[in-house]
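Only one structure is covered here, and it is reproduced in the block below.
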There are 2 protein chains.
Amino acid sequence: MTSEQSKSDISRARILDAAAKTFRQKGYAATTLIEIAKAAGMQAGSLYYHFGSKDELIEEVLDIGMRRVHEAVEESQERLPADSSYRDRIRVAVEAHLTTLLKHDDYTSANIRIFGQVPEEVRQHHIRQRDAYAELWRRILTKAQKSGALRSDVDLGLVRMLLMGALNWSVEWYQPGRTSIQTIADHMCLMLFSGIGIEEPIRSGENETVA
Amino acid sequence: MTSEQSKSDISRARILDAAAKTFRQKGYAATTLIEIAKAAGMQAGSLYYHFGSKDELIEEVLDIGMRRVHEAVEESQERLPADSSYRDRIRVAVEAHLTTLLKHDDYTSANIRIFGQVPEEVRQHHIRQRDAYAELWRRILTKAQKSGALRSDVDLGLVRMLLMGALNWSVEWYQPGRTSIQTIADHMCLMLFSGIGIEEPIRSGENETVA
DNA sequence: GTCTATATTCAGATAGAC
DNA sequence: GTCTATCTGAATATAGAC
């Protein structure tokens, strides 16, 4: 039980990597074990030495993906100075979530993209883990609100859903090199804390022309 | 060519309705023609009288879905008084998008959920239509920014993506009866225009206790 | 227009050789 | 541990009867 990696461990990891990548790209049902095996450099039948079924494989991919965001966000909080502002706490959480999602993690983005496609039974097995992650955000936002850093008249559940949506949707459009992850996080935090609106001058009904 | 509906038209519509509903629920690959046929009250083979293939069917579902949001948002703008504020213009657009998505439209929500799963060829056929819808939002936001209603130092492309993400993700969590669509739209607009942050008092480093 | 029957294709899974 | 070969089931699509 040291950090030695048996041949089995190595193959297993290669399969998981290939699976996460393929599931993320093609979705659950459209991904075949043949494809995964090929990407992992072996034959389809060989997968069954490591995993009992396609669903067992997808479950582990989902599990790893969720664990990684969860840990990343949790660590972002622990790394902060104890006297950090609540805005900073939320800001680093947003950055951690986005970075995990977009930077190098096929597992996390696979989780987000295909969770809605997997068989009901697989989904059931992950509800607990999803809830735990939701709970982490709930705590962060609730503390911020109680402390007076967030408006007290908003439904934090709704805010959380809208925030997660904005962040998670990035897996559908983000392309490395076009915008930095930091810029995305900055825009998200600006919207969340201050909004991007400006008071409009009162107008008298005419269609004004703007230079 | 009046509004008469032939038997064929009626069956076709029933098939499309059943397809939109099933695709939305189960995703693209996991939905079988057998299921769709059953939901439409016929045998799988009969579908081929109306559609040449599964992909032809999905293309029409995607097409209808996108057309409906597009029209809904466009009409929301046309219905507004000419002297409406830019905030109001954005607000009704948000409401129209969300309402179409969540109220009665399996087509639109199917479009959002499965677009990422369909074969590349099908996706290609819809890029133009998707671009047209993006362009509609781009115009709305750009006019608002130019008029001074939105901060000039933000990347509107990013804002649009984050906004669409927050709205579209609602298909994953929205449940009728729990929160009203109007409340969701209100929260979204509040975040977008004003944010939900409150200036935090300057603190001196200690962990303060809050009553 | 819709049915029944079926051809075809292909994926998930198993068995035994190496 | 991985391979090859294969079973089994299921889904798209076609053909011809009604």
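Quick note on labels: first sequence line is chain A, next is B, and so on, each numbered from 1.
- For A:D106 and A:R24, the salt-bridge test passes: some basic side-chain N is under 4.0 Å from an acidic carboxylate O.
- Remark: A:E71 does not engage A:R68 in a salt bridge, criterion side-chain N to carboxylate O under 4.0 Å.
- Residues B:Y107 and B:D63 have side chains that never bring a donor and an acceptor to within less than 3.5 angstrom of each other.
- The neighbour count for B:K54 NZ, taken as heavy atoms of other residues, nucleotides or ligands under 6.0 Å away, is above 12.
- Within the structure, the ring pair (Phe, Tyr, Trp, His ring centres under 6.0 Å) test picks out no pair touching residues 24-64 of chain B (sequence neighbours left out).
- By the side-chain hydrogen bond (donor to acceptor under 3.5 Å, both in side chains) test, A:W137 is found to be paired with A:Y133, residues two or more places apart in sequence or in another chain being considered.
- A:K7 places its NZ atom 5 Å from the P atom of D:dT2, with the value rounded to the nearest Å.
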5' to 3', nucleotides 3-18 of chain D under a 4.0 Å protein heavy-atom cut-off (B base, S sugar-phosphate only, - none) gives BB------SSBB----
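- Rounded to a whole Å, the CZ atom of A:R14 is 13 Å from the P atom of D:dG1.
- A donor-acceptor contact under 3.5 angstrom links the side chains of B:T183 and B:S180, judged on distance only.
- Base pairing in DNA chain D yields stems of at least 3 consecutive Watson-Crick or G-U pairs, both distances under 3.5 Å, namely C:1-18 with D:1-18.
- Taken residue by residue, residues 15-26 of chain A places no heavy atom nearer than 4.0 Å to DNA chain D.
- Rounded to whole Å, atom P of D:dT2 lies 18 Å from atom NZ of A:K38.
- Summarising the geometry, the separation between CD on A:E56 and C1' on C:dG12 is reported as 13 Å, rounded to the nearest angstrom.
- B:N111 and B:R130 share a donor-acceptor pair across their side chains, judged by distance under 3.5 Å alone.
- For the 3.5 Å distance criterion, the side chains of B:E59 and B:H125 qualify, holding a donor opposite an acceptor.
- A:Y49 places its OH atom 16 Å from the C1' atom of C:dA15, with the value rounded to the nearest Å.
- Residues passing the side-chain hydrogen bond (donor to acceptor under 3.5 Å, both in side chains) test with A:D155, sequence neighbours excluded: none.
- Residues A:I36 and A:A18 share a closest heavy-atom pair of O-CB, 3.7 Å.
- Neither OP1 nor OP2 of C:dG1 sits under 4.0 Å from any side-chain N or O of B:S11.
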